[in-house]
2 protein chains.
Amino acid sequence: MKRIERLSVYRRFLQEIAGSEPGSVYSHELAEKTGVTPAQVRRDLMEIGFAGHTKKGYRSAELVAAIGNYLDSPEGDPVALVGLGNLGRALLPFFAGHHPKLKITAAFDTDPLKTGRVICGCRCYPFDQLEEVIAEENIRVAILTVPAAAAQKAAGRLAAAGVRGILNFAPALIRLPKAVTVETMDITIALEKIAFFARRSGDES
Amino acid sequence: MKRIERLSVYRRFLQEIAGSEPGSVYSHELAEKTGVTPAQVRRDLMEIGFAGHTKKGYRSAELVAAIGNYLDSPEGDPVALVGLGNLGRALLPFFAGHHPKLKITAAFDTDPLKTGRVICGCRCYPFDQLEEVIAEENIRVAILTVPAAAAQKAAGRLAAAGVRGILNFAPALIRLPKAVTVETMDITIALEKIAFFARRSGDES
DNA sequence: GTATTGCTGTGATCGGTTTCACAATTCGCG
DNA sequence: CGCGAATTGTGAAACCGATCACAGCAATAC
């Protein structure tokens, strides 16, 4: 659902301005800074049961807490990174320490040259130990950055090992039981789409 | 529009199986392999004006051509990559030679250590030369992988230089005239969303 | 105290996508 | 040739998210 993404965005903005503001925000401010309409902000906050105050807006600190309470697992979630190619290795520093609730705690690869070490505070295991480590660390969320040809198989093993959500960067269709959430970020397709619209909009060459 | 993405996906599948199949596909095959419904495939192809044959499906080679004709600019599009951090550098080999129509032909960074060389066949320029190079190479599409704080400014310069479509990886809201298409791929937010659904679906711990 | 302002909460509405469902068509087979 | 099976093309309906528009209310001004 799109609302979840917007809540994340609201939270990020609120955290950015934390301290430097009067302690409350109006729906129209949040909307403006976040690229949506004020009505949508109000509707979103209504849906998570967070009430503002007429004429005073929403108390920022409490709103951040409410969003966190709604979105996050209280203890935080350990995340597995599967595939240490260029993209996988780039993602490690992206998350290293940056997120209070989501931490990449285990990485996997088939290449023995890459396993055994610790990169950005994350231990790298051989692919074989996937089930074992995921069970041990109680991992429920994974990022998949393996080649397309290996994606479905890896995803299947992840799901079987107990993973319930996968962020897939491989340009491949992943088919899993509906109990597992899969979101594919296909960079090539996104770029093709953008090139398409770029060509259409106000073509003035 | 979502249809554009699906067309890309259809095409990819068709190219994967090119040769190894009887020369035509049914809507239900395409649907099955691509994760959508047969009706949607038919509707999508109808919308781009591609007709199939009753009982024989769609001629694959012609369909690939029709999709290409609809999606791609005939000569292909040069793409700029702005920001050579971890993610930017990971993206270069991703596209290097892999796509017939989209090629990253210029990269930019402020760090003089990174500029001046050629990585994966792509020349790296200092950030100052952005306008110049974009005009010279007639670049209309860009990938933005700079830190969030620099994103809006860089996007503004790109747009002013003539770029009409931006794939933004920075976790920041980009505000540009509507003639410029901006698509933000926010990895952190995608992961937060997945963690949210992972926690909800069939919570059996 | 009363009027005015301006913000929240939300029922109603709108617009775009997806899905349904079926007529039209073609092929294979007897 | 004509029947049955299978597939396309598409109008109509259903669905879903976003937007509108306004009632209700709290703060402030006078």
Handout entry: Rounded interatomic separation in angstrom, taking CG from B:L45 and C1' from D:dT8
Key = 11 Å
Handout entry: Whole angstrom value for the distance that separates P of D:dA21 from CD of A:Q40
Key = 16 Å
Practice task
Would you mind telling me which of C:dG9, C:dC7, D:dG9 lies closest to the side-chain atoms of B:Y58?
Solution key: D:dG9
Practice task
Could you check how far CG of A:L63 sits from C1' of C:dT8, rounded to whole Å?
Solution key: 14 Å
Practice task
Tell me which of A:V36 and B:V25 sits closer to the 5' end of DNA chain D, going by the nucleotide each one is nearest to.
Solution key: B:V25
Exercise for the section: Please answer whether the main-chain N or O of A:K56 pairs with a side-chain N or O of A:H53 as donor and acceptor at a distance below 3.5 Å. Expected result: no
Exercise for the section: Begin from the C-alpha positions of B:E47 and B:R43 and carry the test side-chain contact (heavy atoms from CB on, under 4.5 Å) through to its verdict. Expected result: CA-CA 6 Å; B:E47 302 263 8; B:R43 170 92 44 196; 3.7 Å; yes
Handout entry: Between P of D:dT8 and NE2 of B:H28, the distance in whole Å
Key = 6 Å
Practice task
Begin from the C-alpha positions of A:Y10 and A:L63 and carry the test side-chain contact (heavy atoms from CB on, under 4.5 Å) through to its verdict.
Solution key: CA-CA 9 Å; A:Y10 303 155; A:L63 179 50; 5.7 Å; no
Fill in the blank from the handout: Looking only at D:dT7, C:dA21, C:dT18, the nucleotide nearest the B:R42 side chain is C:dA21
Exercise for the section: Return the value, rounded to whole Å, for the distance between atom CE of A:M1 and atom C1' of D:dC16. Expected result: 11 Å
Problem - Under-4.0 Å salt bridge between B:R11 and B:D72 - result: yes
Problem - Nucleotide D:dA12, atom C1' - distance to CE of B:M46 in whole Å - result: 13 Å
Problem - Six-ring centre of A:Y70, B:R200 cation under 6.0 angstrom, axis tolerance 45° - result: yes
Exercise for the section: Return the value, rounded to whole Å, for the distance between atom CD1 of A:I48 and atom P of C:dT10. Expected result: 13 Å
Practice task
Might you confirm whether atom NZ of B:K101 has over 12 heavy atoms from other residues, nucleotides or ligands at distances under 6.0 Å?
Solution key: yes
Practice task
For A:R43, answer base if it contacts any base atom (sugar-phosphate contacts may also be present), sugar-phosphate if it contacts only those atoms, and nothing otherwise; contact means non-hydrogen atoms under 4.0 Å.
Solution key: base
Practice task
Would you indicate, yes or no, if C:dT18 has its OP1 or OP2 atom less than 4.0 angstrom from a side-chain nitrogen or oxygen of B:R6?
Solution key: yes
Practice task
Respond yes when some side-chain nitrogen or oxygen of B:T37 is under 4.0 Å from OP1 or OP2 of C:dT19, and no when none is.
Solution key: yes
Polar-atom pairs under 3.5 Å, protein N or O versus N or O of nucleotides 24-29 of chain C: list them with distances, or write none.
none

Completion exercise
The nucleotide from D:dC20, C:dG9, C:dT18 with an atom nearest the side chain of A:A39 is D:dC20
Problem - Nearest-Å distance for atom pair CG/P, residues B:L30 and D:dT7 - result: 14 Å
Listed pairs under 3.5 Å, donor-acceptor, residues 150-163 of chain B side chains, sequence neighbours left out:
from, atom 1, to, atom 2, distance (Å)
B:Q152, OE1, B:R175, N, 2.7
B:Q152, NE2, B:R175, O, 3.0
B:R157, NE, B:E131, OE2, 2.8
B:R157, NH2, B:F127, O, 3.3
B:R157, NH2, B:E131, OE1, 2.9
B:R157, NH2, B:E131, OE2, 3.4

